[in-house]
Amino acid sequence: MTTIYLAGPEVFLPDAMPIMAEKRRLARQFGFEPTGPGSDENQTPVKRKAAEIYARNDDAMRRAEICLANITPFRGISADPGTVYEIGFMIALGKAVFAYTNHPDDYGLRVRSIWYAGLEIDETSGRPRGPDGIAIENHGMADNLMIDGGVQATGGKVFRAAALPADPARDLTVYFEALQTIAGIPASFTPPSSRR
């Protein structure tokens, strides 16, 4: 079985254990052996030390053949910083990296609509800038260009939701599509609706 490292911020959710169990179940359905952050890391009564969590994830990344990362915006307009680190680390290891997001809007649009209320166009460069004068990245990518660009450089792909789901932190539709594509399963195959 191909080992797939599942990166993402799900470990922080109050219902992390069942969500991560379902992600692992779906990965196995497509013939992958899932690894990655554990669902017990930020839950009580189990409280792991930071160094232990890091070492466990570092080992899992080194052993995995593929990375599939959830870059749905987390606590702001961009992906979880730990997940971004894992993407970069896996790229540096020479692994194939894929990512998905449940947010349909590109990074630049999210910055303009969520972070900056006022938008100005720099007359010299033509770049959009916020009211503080800081330029806004505007490349039409799902997140920062280094994330999307890095994923694509490995031969991977960033999968993006067509519309914002009711529960972006838990929706597995785009995750399922990503697994399906990575595994090379025909798009006509769908999981039992009761298991989503």
Side-chain angles (χ1 to χ4, degrees), residues 1-11 13 16 18-37 39 57 60-74 78-80 82-110 139-196:
M1 277 188 157
T2 301
T3 306
I4 189 166
Y5 185 89
L6 302 177
E10 289 86 358
V11 294
L13 296 173
I19 290 167
M20 294 178 76
E22 178 63 2
K23 287 184 77 173
R24 287 184 167 106
R25 185 194 71 75
L26 287 170
R28 285 186 185 100
Q29 177 181 322
F30 284 101
F32 297 109
E33 181 54 42
T35 187
S39 56
N57 292 342
M61 286 187 283
R62 291 177 189 280
R63 288 185 294 108
E65 298 164 74
I66 296 173
C67 175
L68 176 54
N70 178 358
I71 61 168
T72 301
F74 179 72
S78 194
D80 165 55
T83 301
V84 172
Y85 170 87
E86 291 166 328
I87 290 170
F89 190 76
M90 294 291 281
I91 290 169
L93 290 174
K95 312 287 179 135
V97 180
F98 298 84
Y100 72 94
T101 176
N102 285 327
H103 205 297
D105 294 340
D106 68 61
Y107 178 77
L109 180 59
R110 290 195 313 271
H139 299 286
M141 296 184 165
D143 212 297
N144 179 281
L145 73 89
M146 293 302 287
I147 299 169
D148 288 56
V151 167
Q152 292 166 8
T154 73
K157 178 180 176 180
V158 178
F159 299 84
R160 206 187 299 188
L164 189 65
D167 189 354
R170 292 171 179 81
D171 193 294
L172 297 178
T173 305
V174 180
Y175 170 74
F176 181 87
E177 292 169 10
L179 285 172
Q180 188 175 47
T181 300
I182 296 165
I185 304 294
S188 60
F189 177 78
T190 56
S193 59
S194 61
R195 292 188 167 180
R196 266 207 186 149

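Since we're looking at a predicted model, the values are computed, not measured.
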Residues in salt bridge (charged side-chain N to carboxylate O under 4.0 Å, His left out) contact with D148, at least two apart in sequence or another chain: none
Gap between atom CZ of F159 and atom CG of L68 - 0.5 Å precision: 7.5 Å
pair F32-I182: side-chain heavy atoms closer than 4.5 Å: yes
N/O donor-acceptor pair under 3.5 Å between E65 side chain and T3 backbone: yes
Ion pair check, E33 and R28, cut-off under 4.0 Å: yes
Side-chain donor or acceptor of T35 paired with backbone N/O of A60 under 3.5 Å: no
Qualifying salt bridge (Lys or Arg N to Asp or Glu O under 4.0 Å) pairs with a residue from residues 98-108, counting only residues at least two apart or across chains: none
Salt bridge (Lys or Arg N to Asp or Glu O under 4.0 Å): pairs with one or both residues in residues 155-167, sequence neighbours excluded: D167-R170
For the student: nearest non-hydrogen atoms of P73 and T101, plus distance: CD-OG1, 3.7 Å
P37 versus E86, closest heavy-atom pair with distance: CG-OE2, 3.9 Å
4.5 Å side-chain heavy-atom contact, H103 and I71: no
Rounded distance (nearest 0.5 Å) linking atom CZ of R25 with atom CZ of F30: 9.5 Å
Verdict with supporting geometry, N70 and T83, side chain to side chain contact (heavy atoms under 4.5 Å, CB included): CA-CA 7 Å; N70 178 358; T83 301; 5.6 Å; no
Mutual orientation of the aromatic rings belonging to Y175 and Y100 [parallel < 30°, tilted 30-60°, perpendicular > 60°]: tilted
Least distance between heavy atoms, F98 atom then G156 atom: CE2-CA, 3.6 Å
pair T2-I66: side-chain heavy atoms closer than 4.5 Å: yes
F89 vs R62 side-chain heavy atoms within contact, under 4.5 Å: yes
Closest heavy-atom pair and its distance - A27, P34: CB-CB, 4.0 Å
Rounded distance (nearest 0.5 Å) linking atom NZ of K95 with atom CD1 of I4: 12.5 Å
Rounded distance (nearest 0.5 Å) linking atom CD of E22 with atom CD of E10: 12.0 Å
Nearest-0.5 Å distance that lies between atom CE in M20 and atom CG in L13: 9.0 Å
Side-chain donor/acceptor of N102 to backbone N/O of D171, under 3.5 Å: yes
Main-chain N/O of V97 paired with T154 side-chain donor or acceptor, under 3.5 Å: yes
Nearest-0.5 Å distance, OH of residue Y107 to CG of residue L145: 9.5 Å
Smallest separation among heavy atoms of T72 and P168, with atom names: CG2-O, 4.0 Å
Over all atoms of both residues, closest heavy-atom pair of N144 and M146: OD1-N, 2.8 Å
